[in-house]
Protein chains: 2
Amino acid sequence: MARSNKTKYPILGILSQEDLSGYEIKKRIEERLSFYWNESFGQIYPTLKELRREGLLGSERVAQEGKPDKTVYKITEKGMAILREWLEEPVETERLRSELLLKLSFGNHTSTETIKRHVDDFRESLKKKLKLMEIFERNLREVLEDHPDHPYQLVTVLFGKKTYQAWIDWCEEALALLGNS
Amino acid sequence: MARSNKTKYPILGILSQEDLSGYEIKKRIEERLSFYWNESFGQIYPTLKELRREGLLGSERVAQEGKPDKTVYKITEKGMAILREWLEEPVETERLRSELLLKLSFGNHTSTETIKRHVDDFRESLKKKLKLMEIFERNLREVLEDHPDHPYQLVTVLFGKKTYQAWIDWCEEALALLGNS
DNA sequence: GAGCCCATGTAATCAGTTACATGATTAC
DNA sequence: GTAATCATGTAACTGATTACATGGGCTC
């Protein structure tokens with residue numbers, strides 16, 4: 001895509017919290033970041049090797065019982081420094097990209113029903129996502145009662161909530177506007 | 001990226017409204033779609049040739065006074081059929097990707113001030129975008145009074161408004177949460 | 001003559017997904 | 001035995017941006 005390769009940052013970030021293998025890093029990203037960030041194995045494994053070569057990670061072969069051996073990576077002081085450096089830098093904003101809006105904007109070439117169906121499908125998918133966010137929120141608020149220091153995870157979940165709720169509201173608005181046209 | 005190539009659809013869509021050259025198509029996309037869709041020349045010109053080869057577009061060389069000649073493309077009946085077909089198909093939802101949220105989620109490794117600065121920068125950029133949307137909205141509502149059929153453009157602008165407003169609200173919420181931590 | 005807009009295109013580069021390959025272990 | 005999970009990796013493909021090249025005409 002010729003946008004800069006950011007794969008190393010989620011990896012460094014995840015490894016700043018615990019030592020993990022590539023396979024486990026993938027799982028953590030899916031569990032914790034997947035609603036706003038994703039990485040595939042095809043990116044993770046080569047990046048891990050590179051980061052190790054650059055001295056941002058150390059690695060250790062670990063034997064497991066009942067499972068294959070794994071290579072566990074550990075972030076180095078140099079790796080932490082790079083992570084902190086990146087955290088300081090201005091955020092590169094990525095552009096929105098929405099096939100739904102693209103279809104909507106050429107909606108005059110199909111039936112209103114078709115367009116309304118697309119909007120409705122979108123709304124249903126959002127409702128599910130919103131429910132997930134609400135579950136995350138409840139869990140995080142419980143944790144936060146004991147550890148009021150790290151509200152960061154909660155803040156990202158609130159972003160999801162706000163976004164999905166706004167989009168649901170927009171769906172209602174859009175359906176109303178298209179209904180009597 | 002291995003996500004399917006959609007470049008042809010904005011091109012067909014734009015050409016369903018007026019006959020244009022590649023250069024003009026780029027301008028139209030920037031003017032009308034850029035807040036949720038973008039295409040570069042590197043995609044547009046090769047795609048135009050391909051669409052012409054497939055018979056979805058016709059082309060004509062047009063001389064201009066005071067400007068270089070241009071190749072104006074015109075959508076064919078076959079092209080319109082492909083556009084309508086795509087409009088019927090279910091929307092492929094693309095994933096959110098946010099470097100801001102990524103930085104936030106590892107925010108415990110830097111100062112609260114740094115994170116708040118990122119959020120604040122984001123909020124300022126959103127305010128500008130929101131103002132733009134409001135201008136678009138006013139213009140479109142004026143047009144809509146005379147032509148109450150095609151509310152589609154307006155609906156996409158309302159999406160922008162809703163999204164940006166929600167994100168601004170989230171910024172306030174986030175700053176408050178981070179403020180007393 | 002410098003710099004900008006119009007106009008079209010290609011090449012280089014890279015991001016990122018998907019498919020494929022391999023192999024261990026566990027559970028049915 | 002076969003499917004599922006754990007674990008690691010490579011190769012193929014392609015989407016998409018950016019840079020580069022070219023050239024006409026306009027404005028200062």
Side-chain angles (χ1 to χ4, degrees), chain A residues 1-11 14 19-31 33-34 36-53 57 59-73 92-99 102, chain B residues 1-11 14 19-31 33-34 36-53 57 59-73 92-99 102:
Chain A
M1 282 231 7
R3 68 178 163 206
S4 57
N5 186 353
K6 306 244 168 76
T7 303
K8 63 176 155 216
Y9 301 116
I11 290 177
I14 292 283
D19 301 346
L20 295 169
S21 68
Y23 190 84
E24 292 164 333
I25 289 169
K26 177 72 158 64
K27 268 198 302 184
R28 285 287 182 284
I29 291 177
E30 266 165 22
E31 288 162 11
L33 312 180
S34 65
Y36 58 87
W37 203 274
N38 291 280
E39 296 292 347
S40 60
F41 282 126
Q43 297 274 97
I44 290 172
Y45 283 117
T47 304
L48 281 171
K49 285 196 165 175
E50 198 193 317
L51 294 178
R52 195 180 160 284
R53 208 170 51 239
L57 300 179
S59 70
E60 195 193 354
R61 195 74 189 165
V62 173
Q64 301 183 104
E65 338 171 353
K67 291 178 191 177
D69 296 357
K70 61 181 176 181
T71 305
V72 172
Y73 291 89
E92 276 182 48
T93 53
E94 22 255 301
R95 292 165 170 175
L96 211 61
R97 189 178 159 107
S98 167
E99 199 195 8
L102 193 61
Chain B
M1 286 229 9
R3 68 180 164 205
S4 56
N5 185 353
K6 305 246 166 75
T7 303
K8 63 177 156 213
Y9 300 116
I11 290 177
I14 292 283
D19 301 347
L20 295 169
S21 68
Y23 190 84
E24 292 164 334
I25 289 168
K26 177 73 158 66
K27 269 198 302 183
R28 285 286 181 286
I29 290 176
E30 266 166 21
E31 289 162 11
L33 313 180
S34 66
Y36 58 87
W37 202 273
N38 291 280
E39 296 292 346
S40 61
F41 282 127
Q43 297 273 98
I44 290 172
Y45 283 117
T47 304
L48 280 170
K49 285 196 165 177
E50 197 193 316
L51 294 178
R52 195 180 160 284
R53 210 170 48 241
L57 299 180
S59 70
E60 194 191 355
R61 196 73 189 166
V62 173
Q64 300 183 104
E65 336 171 356
K67 290 179 190 174
D69 297 356
K70 61 181 178 181
T71 305
V72 171
Y73 291 89
E92 276 182 47
T93 53
E94 24 254 299
R95 292 164 171 176
L96 211 60
R97 190 178 159 107
S98 167
E99 200 195 9
L102 193 61

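Below, chain A is the first sequence line, B the second, and so on; all start at residue 1.
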So that I can tick it off, tell me whether B:E92 and B:K6 are bridged by a salt bridge, with the cut-off set at under 4.0 angstrom between side-chain N and carboxylate O. yes

For atom CD of B:E99 and atom P of C:dA15, their distance in whole Å: 14 Å

With no hydrogens and no angle check, do the side chains of A:E24 and A:S21 hold a donor and an acceptor under 3.5 Å apart? yes

Does A:Q64 reach the main-chain N or O of A:P68 with its side chain, forming a donor-acceptor pair under 3.5 Å? yes

Rounded to whole Å, the NZ-P distance (A:K26 to C:dG16) equals 14 Å

Should the heavy atoms of other residues, nucleotides or ligands under 6.0 Å from CZ of A:R52 be counted, would the total exceed 12? no

What is the distance from NZ of A:K8 to C1' of C:dA15, rounded to the nearest Å? 14 Å

Separation of atom CZ in A:R28 from atom C1' in D:dC6, rounded to whole Å: 14 Å

Please give, in whole Å, the distance from C:dT10 P to B:E50 CD? 13 Å

Shortest non-hydrogen contact from B:A63 toward B:D69: CA-OD1, 3.6 Å

Tell me: NZ of B:K6 to P of D:dT14, nearest whole Å? 15 Å

Rounded interatomic separation in angstrom, taking CD from A:E65 and P from C:dA27: 13 Å

By the 4.0 Å heavy-atom rule, please label A:G66 as base, sugar-phosphate, or nothing. sugar-phosphate

Near A:E94 CD, under 6.0 Å, is it more than 12 heavy atoms from other residues, nucleotides or ligands? yes

For nucleotides 1-7 of chain C, which of its nitrogen or oxygen atoms have a protein nitrogen or oxygen under 3.5 Å away, and what is each distance?
residue : atom : partner : partner atom : Å
C:dC6   : OP2  : B:Y23   : OH           : 3.0
C:dA7   : OP1  : B:Q64   : OE1          : 2.9
C:dA7   : OP1  : B:Q64   : NE2          : 2.2

Side chain of B:Q43 - closest among D:dT10, D:dG15, C:dA15: D:dG15

Separation of D:dG9 atom P from A:I44 atom CD1, nearest Å, is 12 Å

Assuming nearest nucleotide by heavy-atom distance, tell me which of B:R97 and B:G42 is located more 5' along DNA chain C. B:G42

State whether B:R28 and B:E31 are salt-bridged, where the test is any N-O pair (Lys NZ or Arg NE/NH1/NH2 against Asp/Glu carboxylate O) under 4.0 Å. yes

Watson-Crick/G-U partner (both atom distances under 3.5 Å) of D:dA7: C:dT22

Between B:P46 and A:N5, which is nearer to the 5' end of DNA chain C once each is assigned its nearest nucleotide? B:P46

